[in-house]
Amino acid sequence: MKAEPKTEAEVMNVVNQSMEAFVKRDVDALMRLYAPDPDVVVVGTGRDEKRVGPGEIRALFERDVAQFEDASFNFGWYSVSAASSVAWVAADLSLNLKASGRDISLKVRLTNVLEQRGKRWLIVLEHGSLPAAGQEDGEAFPT
């Protein structure tokens, strides 16, 4: 069900903070937005980017931020839904990076699940993906 405006604003604030911390390469600030649970999950766009638990997630973020010199982001479309103390976000994200002297622009599909704990929303699941290369509009599968 569609989140109430207050919940939507709170949840999107956390998602925005996570991206701001990422582009600033502030892994400590980033990790404060994730649940400290052993089963918190992050799945990234790379084949090897599936991490479970705060230690693995921190290591992934530290690796990622070490591989770019500069970054910026912009959210396009997004949808926030919620039920009780759980909210989920689907969003289109433009991520622009300078890595190894090259400018890289990624159109990321971002999904987050957050849980409200006390007055805070924490990310318990994150998944980023890129649209399949070679898959044209209207086609069900890449060619």
Side-chain angles (χ1 to χ4, degrees), residues 1-99 102-142:
M1 62 185 57
K2 186 77 174 139
E4 296 177 8
K6 179 180 183 287
T7 299
E8 179 176 316
E10 291 172 353
V11 166
M12 282 307 295
N13 184 47
V14 172
V15 175
N16 270 298
Q17 284 180 45
S18 73
M19 288 307 304
E20 287 171 5
F22 182 80
V23 300
K24 290 178 182 174
R25 301 162 62 177
D26 187 344
V27 175
D28 290 333
L30 189 56
M31 291 304 299
R32 286 191 291 272
L33 301 170
Y34 289 78
D37 307 345
D39 60 344
V40 62
V41 174
V42 169
V43 178
T45 59
R47 272 183 266 198
D48 69 330
E49 294 183 340
K50 184 172 18 176
R51 302 293 190 271
V52 179
E56 288 186 12
I57 292 168
R58 174 179 283 280
L60 173 66
F61 289 153
E62 288 173 345
R63 181 193 81 174
D64 287 353
V65 302
Q67 293 183 19
F68 66 84
E69 296 92 48
D70 191 33
S72 64
F73 73 96
N74 184 50
F75 281 104
W77 169 89
Y78 66 87
S79 175
V80 180
S81 298
S84 187
S85 63
V86 176
W88 50 100
V89 178
D92 289 336
L93 169 70
S94 294
L95 181 59
N96 301 298
L97 304 160
K98 181 168 224 101
R102 296 180 341 181
D103 291 325
I104 301 168
S105 182
L106 302 172
K107 301 298 182 194
V108 180
R109 293 177 175 167
L110 181 69
T111 305
N112 285 112
V113 177
L114 297 89
E115 184 179 359
Q116 188 173 33
R117 298 186 180 176
K119 294 184 179 187
R120 295 186 65 207
W121 287 96
L122 295 174
I123 300 168
V124 295
L125 171 67
E126 179 169 279
H127 182 230
S129 65
L130 301 173
Q135 184 172 339
E136 300 298 325
D137 288 350
E139 296 294 323
F141 307 101

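All values reported here derive from a predicted model rather than from experimental measurement.
- Atoms CD and CZ, from E62 and R58 in turn, are 5.5 Å apart once rounded to the nearest 0.5 Å.
- At a threshold of 4.5 Å between non-hydrogen side-chain atoms, the residues R32 and D28 count as touching.
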*Decide yes or no on side-chain contact (heavy atoms from CB on, under 4.5 Å) for N96 and S72, but give the supporting numbers first.*
CA-CA 5 Å; N96 301 298; S72 64; 3.7 Å; yes
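- Results of the side-chain contact (heavy atoms from CB on, under 4.5 Å) test with E126 over L33, V41, V15, L110 single out L110 as the only residue that passes.
- Of the inter-residue distances, the one linking E20 atom CD with N13 atom CG reads 8.0 Å to the nearest 0.5 angstrom.
- When all heavy atoms of L30 and S18 are compared, the closest pair comes out as CD1-O, 3.2 Å.
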_F73 and V108: CA distance, side-chain angles, deciding distance, side-chain contact (heavy atoms from CB on, under 4.5 Å) verdict_ = CA-CA 10 Å; F73 73 96; V108 180; over 6 Å; no
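- The shortest non-hydrogen separation linking F68 to F22 is CZ-O, 3.4 Å.
- Nearest heavy atoms, Q135 versus P142: OE1-CD, 3.5 Å.
- Between K2 and E8 there is a salt bridge, since a side-chain N of the basic residue sits under 4.0 Å from a carboxylate O of the acidic one.
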_Checking E115 against L122 for the side-chain contact (heavy atoms from CB on, under 4.5 Å) test, could you report, in this order, the C-alpha distance in whole Å, the side-chain angles of both residues, the deciding distance, and whether it holds?_
CA-CA 5 Å; E115 184 179 359; L122 295 174; 5.7 Å; no
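- When the side chain to side chain contact (heavy atoms under 4.5 Å, CB included) test is applied to K98, the partners found at least two apart in sequence or on another chain are E69, D70, D103.
- Atom-to-atom distance recorded for F75:CZ and M12:CE is 5.0 Å, nearest 0.5 angstrom.
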*asked:* I'd like to know whether T7 forms a side-chain contact (heavy atoms from CB on, under 4.5 Å) with Q116, so could you lay out the CA-CA distance, the side-chain angles of the two residues, the decisive distance to 0.1 Å, and finally the verdict.
replied: CA-CA 10 Å; T7 299; Q116 188 173 33; over 6 Å; no
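- Partner of L114 under the side-chain contact (heavy atoms from CB on, under 4.5 Å) criterion, out of V89, V86, V124, L125: V89 alone.
- Considering only residues two or more places apart in sequence or on other chains, Y78 meets the ring-ring contact (aromatic ring centres under 6.0 Å, His included) condition with none of them.
- Heavy atoms only, all atoms of each residue included: W121 and S84 are closest at CH2-O, 4.5 Å.
- Of the inter-residue distances, the one linking L93 atom CG with K107 atom NZ reads 9.0 Å to the nearest 0.5 angstrom.
- For D39, there are no salt bridge (charged side-chain N to carboxylate O under 4.0 Å, His left out) partners, not counting sequence neighbours.
- Partners of R120 according to the salt bridge (charged side-chain N to carboxylate O under 4.0 Å, His left out) rule, which considers only residues two or more places apart in sequence or in another chain, do not exist here.
- Here R63 pairs with D48, E49, R51, L60, Q67 under the side chain to side chain contact (heavy atoms under 4.5 Å, CB included) rule; sequence neighbours left out.
- In this structure, the separation between OG1 on T45 and CG on D64 is 8.0 Å, given to the nearest 0.5 Å.
- For P54, the side chain to side chain contact (heavy atoms under 4.5 Å, CB included) criterion is met by M31, V40, not counting sequence neighbours.
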